[in-house]
Colleague: 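Below you will find the structure I want to go over with you.
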There are 2 protein chains.
Amino acid sequence: MSLSDIPIHALKEEMLTLLGEMAVHTDEPENPGVTRPLYGVSWLSAQAALAARMEEAGLSVRYDNVGNLYGRLAGERDSEAAVLTGSHVDSVRHGGRFDGTYGIAAGIAALGYLRRTHGKPLRPLEVVSFCEEEGSRFPIAYWGSGNATGIYDWRQAGSYKDEDGVSLEEAMQASGFGRADGPDCRLAPLAGFVELHIEQGLVLEHRNRRIGIVESIVGQRRYALSIEGAANHAGTTPMTLRQDALAGAAEIALKLESLASSWGEPLVATVGKIEARPNTPNVIPGYVEMTLDIRHSDEWSLSAFSDLVLSEIQRITDRRRLRLAVTPWLATKPVPMNERLTARVEAACAGLSLSYQRMVSGAGHDAQLMAPLCPTTMIFVPSRAGISHSPDEYTSPEQLAEGAAVLVSVLYDLAYKE
Amino acid sequence: MSLSDIPIHALKEEMLTLLGEMAVHTDEPENPGVTRPLYGVSWLSAQAALAARMEEAGLSVRYDNVGNLYGRLAGERDSEAAVLTGSHVDSVRHGGRFDGTYGIAAGIAALGYLRRTHGKPLRPLEVVSFCEEEGSRFPIAYWGSGNATGIYDWRQAGSYKDEDGVSLEEAMQASGFGRADGPDCRLAPLAGFVELHIEQGLVLEHRNRRIGIVESIVGQRRYALSIEGAANHAGTTPMTLRQDALAGAAEIALKLESLASSWGEPLVATVGKIEARPNTPNVIPGYVEMTLDIRHSDEWSLSAFSDLVLSEIQRITDRRRLRLAVTPWLATKPVPMNERLTARVEAACAGLSLSYQRMVSGAGHDAQLMAPLCPTTMIFVPSRAGISHSPDEYTSPEQLAEGAAVLVSVLYDLAYKE
C-alpha cells in the first residue's frame with residue numbers, strides 16, 4: 001500500500017478533528033495544555049467522546065472493568081486472534097494534546113478508513129483507549145495495559161491514593177468501574193499490538209526523519225542518593241577544611257554526564273532532581289539529595305554502566321569525606337519489540353516513501369506491557385524540539401497524518417492479508 | 001598583665017553565669033538554641049537583664065534611640081574619648097548562645113573586674129550591647145552599629161518589613177525606641193573599639209591555637225546566577241542533544257571550588273544555594289538558579305578572582321549552549337583592623353602565655369562598621385567544629401575565660417595606661 005493509495009487528506013482531517021475535540025477534555029480549561037487524570041471529570045467525558053467516535057467509525061464498543069475502552073471491527077474469521085492498536089487517554093498535569101491521545105485518534109481514523117475502503121478484515125481489528133499510563137494521579141503507572149495484560153488486578157486498587165487522599169478503588173468505582181460483576185479486563189490472545197505515539201524526543205527532528213521505528217524500549221535504573229557532609233560558615237571555613245555536600249554532588253553529576261557520553265548511545269543518564277540543605281547563600285551545604293536516572297536498551301549495558309557509576313560515586317564521596325547512602329527505587333528491564341512486526345513497519349515506510357529511523361524508545365509505553373503477551377511494535381512521529389508533557393508539545397498535521405498512514409498500512413498488512 | 005594577675009576563675013564564673021542567664025531569653029523556649037530577633041519579647045528582656053548586670057558591675061547605663069545599650073565606667077579624664085568593647089545581643093533563628101552575647105557578657109565582666117581591681121580608668125571605658133547585627137528579622141543587618149556610626153539613620157526604618165509585614169519602624173517604636181525626642185545614636189569620638197567574638201570557623205581548632213587575632217575582615221561578593229537550558233525528557237534525549245542546566249551548574253560549582261583552592265587562602269568561594277526546575281527525576285533540568293559567595297581580605301584579589309570566575313562561567317555556559325544571567329547583589333570591601341591595636345592584642349596573648357593566630361575574619365562583624373570611626377580590632381576564641389548559627393554552637397568555659405582575660409588585658413592597656 002503506498003501513500004497514494006491512502007486518502008491521506010481525509011484521514012488527516014478526521015484525526016485532527018478528533019484530536020482537537022479531545023483537547024477540550026481537560027480538568028483545567030483555564031490553563032493551557034491538557035490535564036486529564038485517571039477517573040476525573042474530563043477523563044470520563046473523553047472516553048465517552050471516543051466511544052461515540054468509535055461507533056461513528058462503525059466499530060462495536062466495550063469498556064472493561066477498569067475503564068479501558070475498545071472499539072472492534074469484526075473479522076471474517078472473527079474467533080481468531082485480533083490485531084490491536086491504540087494508546088492511553090490520560091495525561092500528566094498540564095500536558096500536551098498528542099501524548100497518548102494521538103495513537104487512539106489515529107487508530108479510530110485508521111479502522112474507520114479500512115472498514116470503509118476494504119470492508120471486513122480477515123482477523124478482527126481493535127483500537128484501545130487505555131485508561132491510564134502516566135502514573136500522574138495515583139502512584140502507579142500503566143493501570144490500563146497492566147490490567148489488560150494481567151500485571152495488575154483491579155481488585156488490588158485500594159492501597160493507592162491520590163494527593164487528596166482518594167483511593168484508586170474509590171475513584172474507579174465512582175466512575176462506574178471496578179464492579180464485582182464487571183467485565184473481565186484480561187485480553188484474549190492477540191495477533192499483534194501496534195502503538196503509534198509521538199516520539200517525545202529530539203532524534204527524528206535532529207536527524208530529519210519522518211518516522212521512528214522502535215526496536216526496543218529501554219530498561220531503567222533509578223537511584224536516590226543522599227550525601228552528608230558538614231554545614232559550615234561560607235566565610236570562616238577554609239577550602240581545605242570543607243566537607244561540602246553540594247560540591248560532591250556537582251562532581252557526581254559531572255562524572256555521570258561524562259561517563260554516559262563516553263559510553264555512547266543509546267545510553268542516557270540524568271540528574272533530574274537536587275535538593276541542598278540548608279540551601280542558604282552563606283552556608284556550605286551540609287546535605288544534598290539527588291536522583292540518578294539511567295536508561296539503556298541492553299540489560300548488560302544498563303547493569304554494567306550503573307555499577308560503574310555507583311563505584312565512581314563511592315570513590316568521589318570517600319575522597320571528599322562525605323557520607324553516601326544509595327537507594328535504588330526503580331529497575332525495569334529493556335523490552336525488545338517484535339522483529340517481524342518492526343520489519344513490517346519498515347516495509348510500510350518504504351512503501352509510503354517515508355524516511356525512517358530505527359531507534360530505541362527512551363520513554364516507557366503501554367507497548368512494553370503488551371510485548372510479553374503478543375508480537376508488539378511501536379511507530380513514532382517527530383515531536384517539535386523534543387518537547388512533551390507540556391502545553392508546548394507539538395507535531396505538525398502532516399507528520400501526524402504520515403504516522404497514521406503507516407499505521408493504516410501495517411494494520412492492513414496484519415489483518416487483511418493473513 | 002599576665003594570666004596570674006587576672007582572677008580568671010572569678011571572671012569565668014561571672015561571665016558564664018551571665019551567658020547562662022542570657023540563653024533563656026529566647027522567643028522559642030520549646031526549641032533548642034536561641035531565637036532572639038530584634039525588638040522581640042526575648043530581645044527586650046535580654047537587654048533589660050544586661051542593663052541590670054551592667055548596673056551591678058558599677059556601670060552607668062543608657063540606651064540610645066534604636067535600643068543599643070551602653071554601660072559606662074567613668075574615667076579620670078572623663079571628657080576624653082572612651083574605649084569601647086561589646087558585640088550584638090540579637091540572634092539568628094535557632095542560633096547559639098555565644099554568637100554576639102559572649103562579647104557583651106565578657107565585656108561586662110571585664111569592666112566590673114577592672115573597676116573593682118583597678119578603680120577608675122584614665123579614659124572612660126564602655127561596653128555596648130548592639131541591638132542588631134544578624135539581619136535575621138528584617139532585611140537589613142548591622143542596625144545597631146550602623147546607627148551608632150551613622151551608616152544608617154533610625155528615621156529611615158519604615159521601608160524594611162519582617163515576614164509578618166511588621167515594619168522596622170513599628171517594631172522599634174513598639175519597643176519604646178525610635179522616638180522623635182529620643183537620645184542620639186551617633187557615637188562621640190572613640191579611642192578604640194575591641195570586639196571579642198567566637199570564631200564561627202575551624203581555623204583555631206584545626207591549628208590548635210587558643211586565640212585568634214583578626215587582622216582584617218574579608219570583603220564579600222555575592223552573585224545570583226540563572227542558567228537556562230532546555231527541559232527535555234530524560235529518556236528520549238540523547239546526551240549529545242541536551243542543554244542540561246543542572247550539568248552546567250555542576251560544572252560551575254566544581255570550577256569555582258578548584259579555582260578557589262588553587263588561588264589559596266584566605267580566599268573562600270561557595271555555592272550555598274541551588275534550585276533546579278522542574279526538579280523531577282525523569283526530566284533534564286531546563287533551569288537552575290544558584291548563588292556564589294566569594295570572600296577575601298584583599299580587595300584586588302577579591303576583584304580579580306571574581307572576574308576570573310565570571311569569565312570561566314561564561315565560557316562554560318557558552319560551550320553548553322546555556323543562557324546565563326548574573327546578578328551581583330552584594331559587594332563589600334575588606335576592612336583592615338587597626339595594626340596598633342592588633343599588636344596590643346598580640347602582646348596581651350604573649351603576656352598571658354596563650355597561643356594565638358593572626359587571621360582574617362571570613363564573617364562580617366560590627367567591628368567592620370566601627371573600623372572607619374576609630375582604631376578597631378577583634379579577638380576570637382575557638383568554635384567547636386566551626387559550628388555557629390546553630391544550637392550546637394560551643395566554646396568551652398576555659399576558652400571563653402581565656403578570651404575574656406585577653407580582653408581585660410587589652411582594655412587595661414588602652415584605658416588605664418594612656
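In the text below, chain A, chain B and the rest are named by the order of the sequence lines, each starting its count at 1. Note that this is a predicted model, so its numbers are computed, not measured. We use all heavy atoms of the structure for the numbers below, so side chains are in, but hydrogens, waters and symmetry mates are not.
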Colleague: When heavy-atom pairs shorter than 4.5 Å are enumerated against chain B, which of A/Ala363, A/Ala253, A/Gly386, A/Ala385 gives the highest number?
Modeller: A/Ala363
Colleague: Output all residues satisfying ring pair (Phe, Tyr, Trp, His ring centres under 6.0 Å) with B/Phe305, sequence neighbours left out; order by chain, then residue number.
Modeller: B/Trp263
Colleague: If the condition is ring pair (Phe, Tyr, Trp, His ring centres under 6.0 Å), which residues does B/His197 pass it with, not counting sequence neighbours?
Modeller: B/His88, B/His365
Colleague: To the nearest 0.5 Å, what is the distance between CD on A/Glu265 and CG on B/Leu241?
Modeller: 7.5 Å
Colleague: Can you confirm whether B/Arg242 sits close enough to A/Thr270 that some side-chain heavy atom of one is under 4.5 Å from a side-chain heavy atom of the other?
Modeller: yes
Colleague: Return the CG to CE distance between B/Leu256 and A/Met239, rounded to the nearest 0.5 Å.
Modeller: 6.5 Å
Colleague: Closer than 3.5 angstrom, by distance alone: can the side chain of A/Asn282 be matched with the main-chain N or O of B/Asp293 as a donor-acceptor pair?
Modeller: no
Colleague: Check each atom of B/Leu246 against the heavy atoms of chain A and say whether the ones under 4.5 Å are side chain, backbone, both or neither.
Modeller: side chain
Colleague: Taking 4.5 Å as the heavy-atom cut-off, does anything in residues 229-236 of chain A contact chain B, and if so which residues?
Modeller: A/Asn232, A/His233, A/Ala234, A/Gly235, A/Thr236
Colleague: With a 4.5 Å cut-off on heavy-atom pairs, point out which of B/Arg295, B/Gln220, B/Arg277 contacts chain A the most.
Modeller: B/Arg295
Colleague: Would you mind reporting whether A/Lys273 and B/Thr280 have side-chain heavy atoms less than 4.5 Å apart?
Modeller: no
Colleague: My understanding is that only residues two or more places apart in sequence, or in another chain, count here; which of them pass side chain to side chain donor-acceptor pair (under 3.5 Å) with A/Ser301?
Modeller: A/Asp298
